[in-house]
Amino acid sequence: MADGAPSLVLDQVGGNVALDLFIVTERVGNLLAAALAGTEVSPSQYAVYSQLMQAPRTPSELSELLGIPRSTLSGYLATMLRRGDVTRTRSLDDGRSWLISLSPAGQVRTQECRPRIQRAIRALNSHLGSAAEVLIVRQTLGRIDGAVRAATPSA
């Protein structure tokens, strides 16, 4: 890592991977919230906006992709709908579901937020080290994500 030897997130008796990840998640949320200050968009909402910029998706797809519980996602989508940032159309694949798309206003909001997020990510990455070191961190996070999914009981 760029700042010397890696250390533990929480170096104390009872520290563990789950607690470390919780702490890091909170800190990343704070970093992104600061970046988005004044935009009316939360970091979690931005994650939804960014995925909808890629392609329209059903709520189930968004929930699975982002790891957001459906009930929580429903609140985000309701807020985005009230703002006029998304549209809903019946899914052609499953008439019981909706396909969520960004409206032109939602695309503008996402484009306004994107440079703020990119600056925060560049700042974070600069403290992680080289592009190769950032890739190693992302690969490690992918491994952790796989382990969490495997350890999570099926609902």
Side-chain angles (χ1 to χ4, degrees), residues 1-3 5-36 39 41-81 85-102 106 109-110 113-114 116-155:
M1 301 292 159
D3 295 323
S7 62
L8 299 175
V9 174
L10 187 63
D11 190 5
Q12 68 180 35
V13 173
N16 58 70
V17 171
L19 183 56
D20 288 348
L21 287 170
F22 175 83
I23 293 167
V24 171
T25 298
E26 291 297 310
R27 290 180 178 159
V28 169
N30 291 338
L31 171 69
L32 298 179
L36 291 169
T39 67
V41 176
S42 72
S44 297
Q45 290 169 355
Y46 182 79
V48 176
Y49 280 94
S50 70
Q51 291 309 302
L52 292 175
M53 277 296 279
Q54 301 294 317
R57 302 189 190 273
T58 66
S60 294
E61 290 170 336
L62 287 167
S63 178
E64 174 63 26
L65 183 67
L66 296 172
I68 299 172
R70 288 185 184 155
S71 59
T72 302
L73 178 64
S74 176
Y76 299 156
L77 293 175
T79 298
M80 295 165 74
L81 192 59
D85 288 347
V86 295
T87 60
R88 298 184 324 166
T89 55
R90 284 278 178 206
S91 171
L92 296 177
D93 296 331
D94 178 359
R96 298 169 296 164
S97 185
W98 295 95
L99 192 61
I100 309 297
S101 303
L102 283 179
R109 190 179 304 274
T110 306
C113 292
R114 179 172 283 147
R116 294 164 171 255
I117 292 293
Q118 289 173 333
R119 278 191 297 276
I121 292 169
R122 278 194 304 272
L124 174 60
N125 288 352
S126 74
H127 291 284
L128 290 172
S130 69
E133 289 171 306
V134 170
L135 179 59
I136 290 168
V137 170
R138 293 192 64 214
Q139 290 169 332
T140 301
L141 289 170
R143 182 173 168 222
I144 293 167
D145 183 59
V148 169
R149 287 172 181 246
T152 301
S154 298

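Computed over heavy atoms, backbone and side chain alike; hydrogens, waters and symmetry mates excluded.
Residue Arg138 places its CZ atom among 12 or fewer non-hydrogen atoms of other residues, nucleotides or ligands, all under 6.0 Å distant.
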Output side-chain donor-acceptor pairs under 3.5 Å for residues 141-152, partner residues at least two apart or in another chain, one line each.
unit_1	atom_1	unit_2	atom_2	d
Asp145	OD2	Arg149	NE	3.0
Arg149	NH1	Glu64	OE2	3.0
Thr152	OG1	Val148	O	2.6

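Atoms CH2 and OG1, from Trp98 and Thr89 in turn, are 8.0 Å apart once rounded to the nearest 0.5 Å. Between the CD atom in Glu133 and the CG atom in Leu128 there is a gap of 8.0 Å [rounded to 0.5 Å]. Here the CG atom belonging to Leu102 is positioned 4.5 Å from the OG1 atom belonging to Thr110, to the nearest 0.5 angstrom. With rounding to the nearest 0.5 angstrom, the CD1 atom of Ile121 is 6.5 Å from the CG atom of Leu32. How far CZ of Arg57 is from CG of Leu99: 10.0 Å, rounded to the nearest 0.5 Å. With rounding to the nearest 0.5 angstrom, the CG atom of Asn125 is 11.0 Å from the CG atom of Leu135.
Ala47 meets the side chain to side chain contact (heavy atoms under 4.5 Å, CB included) test with Leu66; sequence neighbours excluded. Applying the side chain to side chain donor-acceptor pair (under 3.5 Å) rule to Gln51 yields no partners; only residues at least two apart in sequence or on another chain are considered. Under the rule for a side chain to side chain contact (heavy atoms under 4.5 Å, CB included), Asn30 has no partner lying at least two apart in sequence or in another chain. Remark: Arg109 pairs with Asp85 by the side chain to side chain donor-acceptor pair (under 3.5 Å) rule, at least two apart or across chains. Annotation: side chain to side chain contact (heavy atoms under 4.5 Å, CB included) contacts of Pro59 (sequence neighbours excluded): Leu73, Leu77, Ser97, Ile100.
For residues 69-81, the pairs satisfying side chain to side chain donor-acceptor pair (under 3.5 Å) are Ser44-Tyr76, Ser60-Arg70, Thr79-Arg82, with sequence neighbours left out. Identified under the salt bridge (Lys or Arg N to Asp or Glu O under 4.0 Å) test for residues 8-28, with sequence neighbours left out: none.
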**Item:** side chain to side chain contact (heavy atoms under 4.5 Å, CB included) between Leu36 and Gln45, intermediate numbers included
**Value:** CA-CA 11 Å; Leu36 291 169; Gln45 290 169 355; over 6 Å; no
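Taking both residues in full, the closest heavy atoms of Val134 and Gly129 are given as CG2-O, 4.1 Å, listed atom of the first, atom of the second, then distance. Between Pro56 and Ser101, the shortest heavy-atom contact is CB-OG, 3.3 Å.
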